[in-house]
Amino acid sequence: MAILERTGQGGGPGRPRSFDETQALDRVMHVFWAKGYEHTSYPELEAATGLHRQSLRYAFGDKAELFRRAVEHYARSRLDTVEALLHRPGSAAANIRAVFDFWARDARASGRGCLMVNSLAEFADALSAVAPVLVAANRRLLTAFADAFRTAQAEGAIRPELDPDILAAQGVALGDGLMLHARNGGLHAEPGAVLEAFLSMARAPPGRRR
């Protein structure tokens with residue numbers, strides 16, 4: 001059954017599109033997320049969106065460009081969520097833990113891992129159209145985490161001698177690893193416990209907290 005329905009003919013130059021591009025991209029994203037780039041076919045994308053191949057190509061470009069747009073859509077949504085959690089009222093340490101809890105729930109529940117991590121594992125830099133999206137998303141994520149760890153240090157919750165940029169890189173790498181393993185059933189250890197072990201090593205001793 002088609003998820004989207006076309007409401008008119010549309011599609012010609014200068015004519016309004018007859019479908020919701022954001023909704024179509026979201027459906028495309030879920031197909032790529034579940035199956036990866038190489039194993040996703042146009043018939044599957046057509047079934048997910050209710051749109052013909054030519055409509056998808058007209059709106060988004062070829063398959064590689066469609067995949068790039070889907071990864072960009074995913075990255076924007078996920079990073080918006082992470083940044084919103086990190087910028088909540090309250091302590092920075094609690095907000096970092098909230099992001100880790102969010103990742104742990106994902107690692108337990110989705111079985112699909114993370115589309116950004118999956119894309120990196122599938123292509124490395126072979127699909128040049130996607131590489132800039134992954135680099136920009138990773139930079140944004142690292143910056144947000146480093147700022148949060150820096151604030152947590154100022155609050156006395158994280159050991160001051162640790163480099164917040166290194167802590168951010170460690171946290172992101174750990175989360176990426178959990179998401180990658182989630183595609184194959186996960187690690188034997190509980191994801192939340194793995195992330196908590198990392199945080200426990202970074203926490204300031206109780207006597208040094210403010």
Side-chain angles (χ1 to χ4, degrees), residues 22 24-42 44-45 48 56 60-86 96 98-149 163-195 197-199:
T22 300
L25 196 57
D26 192 66
R27 305 308 183 195
V28 165
M29 177 198 76
H30 281 284
V31 178
F32 281 130
W33 189 3
K35 302 195 60 117
Y37 177 80
E38 292 292 346
H39 292 97
T40 294
S41 67
Y42 266 109
E44 289 168 321
L45 296 172
L56 289 170
F60 302 110
D62 62 13
K63 183 182 174 184
E65 177 60 15
L66 180 57
F67 182 68
R68 185 196 71 78
R69 293 277 299 272
V71 173
E72 188 174 55
H73 176 70
Y74 174 92
R76 185 183 304 113
S77 173
R78 303 292 285 187
L79 291 171
D80 285 350
T81 298
V82 168
E83 288 181 339
L85 289 170
L86 290 175
I96 293 169
V99 174
F100 281 2
D101 288 343
F102 171 59
W103 285 352
R105 288 193 300 272
D106 256 10
R108 286 193 300 266
S110 74
R112 297 182 295 180
C114 166
L115 181 56
M116 292 185 291
V117 176
N118 296 347
S119 301
L120 185 61
E122 184 175 5
F123 296 110
D125 59 354
L127 194 62
S128 59
V130 178
V133 175
L134 298 176
V135 169
N138 194 53
R139 185 181 299 119
R140 180 180 164 189
L141 184 60
L142 288 170
T143 297
F145 260 107
D147 288 346
F149 276 113
D163 185 332
D165 292 313
I166 298 299
L167 289 173
Q170 288 177 320
V172 170
L174 189 58
D176 286 352
L178 288 172
M179 292 300 179
L180 192 58
H181 280 286
R183 297 204 65 174
N184 292 315
L187 301 171
H188 293 301
E190 163 66 25
V194 174
L195 293 164
F198 163 70
L199 281 179

Evaluate the side-chain proximity of [Y] to [X]: yes if any heavy-atom separation is below 4.5 Å, no if none is.
| X | Y | answer |
| --- | --- | --- |
| Phe198 | Leu167 | yes |
| Leu134 | Val130 | yes |
| His73 | Thr22 | yes |
| Ile166 | Gln170 | yes |

Using the side-chain contact (heavy atoms from CB on, under 4.5 Å) criterion, which residues pair with Ser77? Sequence neighbours excluded.
none
For the student: nearest non-hydrogen atoms of [X] and [Y], plus distance:
| X | Y | result |
| --- | --- | --- |
| Gly36 | Glu122 | CA-OE1, 3.7 Å |
| Leu85 | Ala98 | CD1-O, 4.1 Å |
| Gly171 | Phe100 | CA-CZ, 4.1 Å |
| Glu72 | Val133 | CA-CG1, 3.7 Å |
| Phe32 | Lys63 | CE2-CE, 4.2 Å |
| Ala75 | Ala137 | CB-CB, 4.0 Å |

Compute the centroid of each ring, for Trp103 and then for Phe145, and state whether the two points are separated by less than 6.0 Å.
yes
Quick check for you: to the nearest 0.5 Å, what is the distance between [X] atom [atom1] and [Y] atom [atom2]?
| X | Y | atom1 | atom2 | result |
| --- | --- | --- | --- | --- |
| Leu56 | Leu25 | CG | CG | 10.0 Å |
| Leu115 | His30 | CG | NE2 | 10.0 Å |
| Leu141 | Leu86 | CG | CG | 8.5 Å |
| Leu120 | Asp176 | CG | CG | 8.0 Å |

Those residues at least two apart in sequence (or on a different chain) that pass salt bridge (charged side-chain N to carboxylate O under 4.0 Å, His left out) with Asp165 are Arg150
Going by the rule salt bridge (charged side-chain N to carboxylate O under 4.0 Å, His left out), which residues pair with Asp101 if we only count those two or more places apart in sequence or in a different chain?
Arg97
What's the verdict on side-chain contact (heavy atoms from CB on, under 4.5 Å) for Met29 and Arg69, showing C-alpha distance, side-chain angles and the deciding distance?
CA-CA 8 Å; Met29 177 198 76; Arg69 293 277 299 272; over 6 Å; no
Check the side chains of Ser41 and Glu44 for a donor-acceptor pair under 3.5 angstrom, ignoring hydrogens and angles.
yes
Show, in sequence, the C-alpha distance, side-chain angles and deciding distance for Arg68 and Asp62, and conclude whether the salt bridge (charged side-chain N to carboxylate O under 4.0 Å, His left out) test is met.
CA-CA 10 Å; Arg68 185 196 71 78; Asp62 62 13; over 6 Å; no
Does Trp33 reach the main-chain N or O of Asn118 with its side chain, forming a donor-acceptor pair under 3.5 Å?
no
Hey, mind stepping through Leu66 and Leu45 against side-chain contact (heavy atoms from CB on, under 4.5 Å) and telling me if it holds?
CA-CA 10 Å; Leu66 180 57; Leu45 296 172; 3.8 Å; yes
